[in-house]
Amino acid sequence: MQPPRTAMHTIRIWDLPTRVFHWLLAICVIGLVVTGSVGGNWMNWHLRLGYAVLTLLLFRLVWGFVGGHWSRFGSFLYSPTSLVAYLRGRARPEHEAGHTPLGALSVLALLLILAAQVGTGLISDDEIAVSGPLARFVSGDTVSLASGYHTEVGKFIVMALVVLHVLTILFYKVVKKQSLVRPMVVGDKQLATPVRPARDSAGTRLVALAVLILSGALVAWLVKLGNAF
């Protein structure tokens, strides 16, 4: 006699704004790596993509406080005790719903590294044709340090984190038989234990659009400020 099948619950985990952010960020980061490696006239697109990433990061910062439950920082800032319990196989339902403790560390690391990469790009200067819009506001030594980090260190850290992210997705798909991609496309997860769903209404999506527009306006102002001198 077969054991009874566990009833699965369909739960909205990733709201639409978070999903759009995720895929736009992925496209922009890949574009940044490609255009930065090719150089030449593609550096104009490198700058534009950098501004887009900064806009997305500002949006994610705000959305981490006002977005859907599982997109908020408070839902995946785990204590060391939770991390140890997860590593020992004592995962709690919330670990399987949103970001796992290890996944949360990866997400936070990627956001911080991207912020550092974009920040140094704003004050970098290749001394040939491309200069960040805010480079004129800092000292030459600072520009030199930022340029060195941006092109010789940060770029490769970003690439390494992207590769790690892809390998993690493959590991979950092949070994754990779990798809991390599908929930980030459709928003829902099939879970054995019901958890709090993320709010994903027309109203929250309008709020997200407003936050994105304001983030873009702030970045546009920074660029204009740098180009005004």
Side-chain angles (χ1 to χ4, degrees), residues 10-37 42 45-73 75-76 96-100 102-118 121 154-155 157-174 178-190 197-220:
T10 302
I11 310 293
R12 175 54 52 94
I13 298 298
W14 304 122
D15 53 58
L16 181 62
T18 299
R19 285 177 276 148
V20 172
F21 159 82
H22 179 275
W23 295 113
L24 286 179
L25 185 66
I27 293 170
C28 289
V29 169
I30 292 172
L32 279 173
V33 173
V34 172
T35 54
S37 300
W42 285 101
W45 277 104
H46 188 75
L47 289 172
R48 295 181 187 120
L49 288 169
Y51 302 149
V53 169
L54 179 56
T55 299
L56 290 171
L57 291 177
L58 290 174
F59 164 81
R60 189 64 182 90
L61 177 64
V62 176
W63 202 241
F65 294 98
V66 303
H69 175 72
W70 299 103
S71 300
R72 297 189 180 193
F73 297 129
S75 73
F76 61 91
E96 302 299 331
H99 294 300
T100 67
L102 281 180
L105 292 177
S106 175
V107 168
L108 293 173
L110 183 59
L111 293 177
L112 289 173
I113 290 299
L114 286 176
Q117 190 68 359
V118 172
K155 171 184 174 180
I157 295 178
V158 170
M159 292 171 65
L161 287 175
V162 169
V163 170
L164 179 61
H165 188 67
V166 173
L167 291 176
T168 300
I169 292 173
L170 292 175
F171 171 80
Y172 268 79
K173 182 66 175 179
V174 175
Q178 296 180 25
S179 174
L180 299 182
V181 174
R182 188 178 185 281
M184 195 54 74
V185 174
V186 302
D188 298 333
K189 274 190 177 183
Q190 297 289 322
R199 185 174 52 184
D200 190 19
S201 64
T204 59
R205 294 174 183 181
L206 286 175
V207 171
L209 180 60
V211 172
L212 182 63
I213 291 173
L214 290 174
S215 299
L218 177 58
V219 172

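Side chains included, hydrogens not; waters and symmetry mates left out as well; all remaining heavy atoms used.
Atoms CG and CG, on Leu112 and Leu161 in that order, are 10.5 Å from each other to the nearest 0.5 Å. Once rounded to the nearest 0.5 Å, the distance linking CG of Leu164 with CG of Leu110 reads 9.5 Å. In this structure, OG in Ser75 is found 9.5 Å from CD1 in Ile13, a value given to the nearest 0.5 Å. Rounding to the nearest 0.5 Å gives a distance of 11.0 Å between CG of Leu214 and OG1 of Thr55. Distance CZ/Phe171 to CG/Leu180: 10.5 Å, rounded to 0.5 Å. To the nearest 0.5 Å, the span separating CG on Leu56 from CG on Leu61 amounts to 12.5 Å.
Looking only at distances, no side-chain donor or acceptor of Ser71 sits under 3.5 Å from a matching main-chain atom of Thr18.
Between His46 and the options Val33, Leu32, Val34, a side-chain contact (heavy atoms from CB on, under 4.5 Å) holds for only Leu32.
Residues Arg19 and Asp200 are paired through a salt bridge, judged by an N-O separation under 4.0 Å between the basic side chain and the carboxylate.
The two atoms that bring Gly154 and Gln117 nearest to each other are CA-OE1, 3.2 Å, heavy atoms only. Heavy-atom minimum distance, Phe59 versus Leu212: CD1-N, 3.8 Å. When all heavy atoms are compared, the tightest approach of Val66 to Arg199 is O-NH2, 4.3 Å.
Two residues are said to be in side-chain contact when any heavy atoms from C-beta on lie closer than 4.5 Å; Val62 and Phe65 fail this criterion. You'll find the side chain of Val211 reaches within 4.5 Å of the side chain of Ser215, heavy atoms only. Taking the side chain as every heavy atom from C-beta outward, Ile11 and Asp188 never approach each other to under 4.5 Å. Taking 4.5 Å as the limit, some side-chain heavy atom of Cys28 sits within range of a side-chain heavy atom of Leu49. Annotation: side chain of Glu96 is in contact with side chain of Gln178 (closest heavy-atom distance under 4.5 Å). When side chains are defined from C-beta on, Trp63 does not count as touching Arg72, because their heavy atoms never get closer than 4.5 Å. Two residues are said to be in side-chain contact when any heavy atoms from C-beta on lie closer than 4.5 Å; Leu25 and Leu114 meet this criterion.
Aromatic ring orientation, Phe73 versus Phe76: perpendicular (interplanar angle above 60°, classes split at 30° and 60°). Ring planes of Trp14 and His99: tilted class, angle from 30 to 60°.
Side-chain contact check for Ser37 and Lys155: at least one donor-acceptor pair (N or O, by modelled atom type) lies under 3.5 Å.
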Tell me, with the steps shown, if Trp70 and Asp15 meet side-chain hydrogen bond (donor to acceptor under 3.5 Å, both in side chains). CA-CA 8 Å; Trp70 299 103; Asp15 53 58; over 6 Å; no

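Within 6.0 Å of the NE2 atom in His165, the count of heavy atoms belonging to other residues, nucleotides or ligands does not exceed 12. Arg205 CZ: more than 12 foreign heavy atoms inside a 6.0 Å radius.
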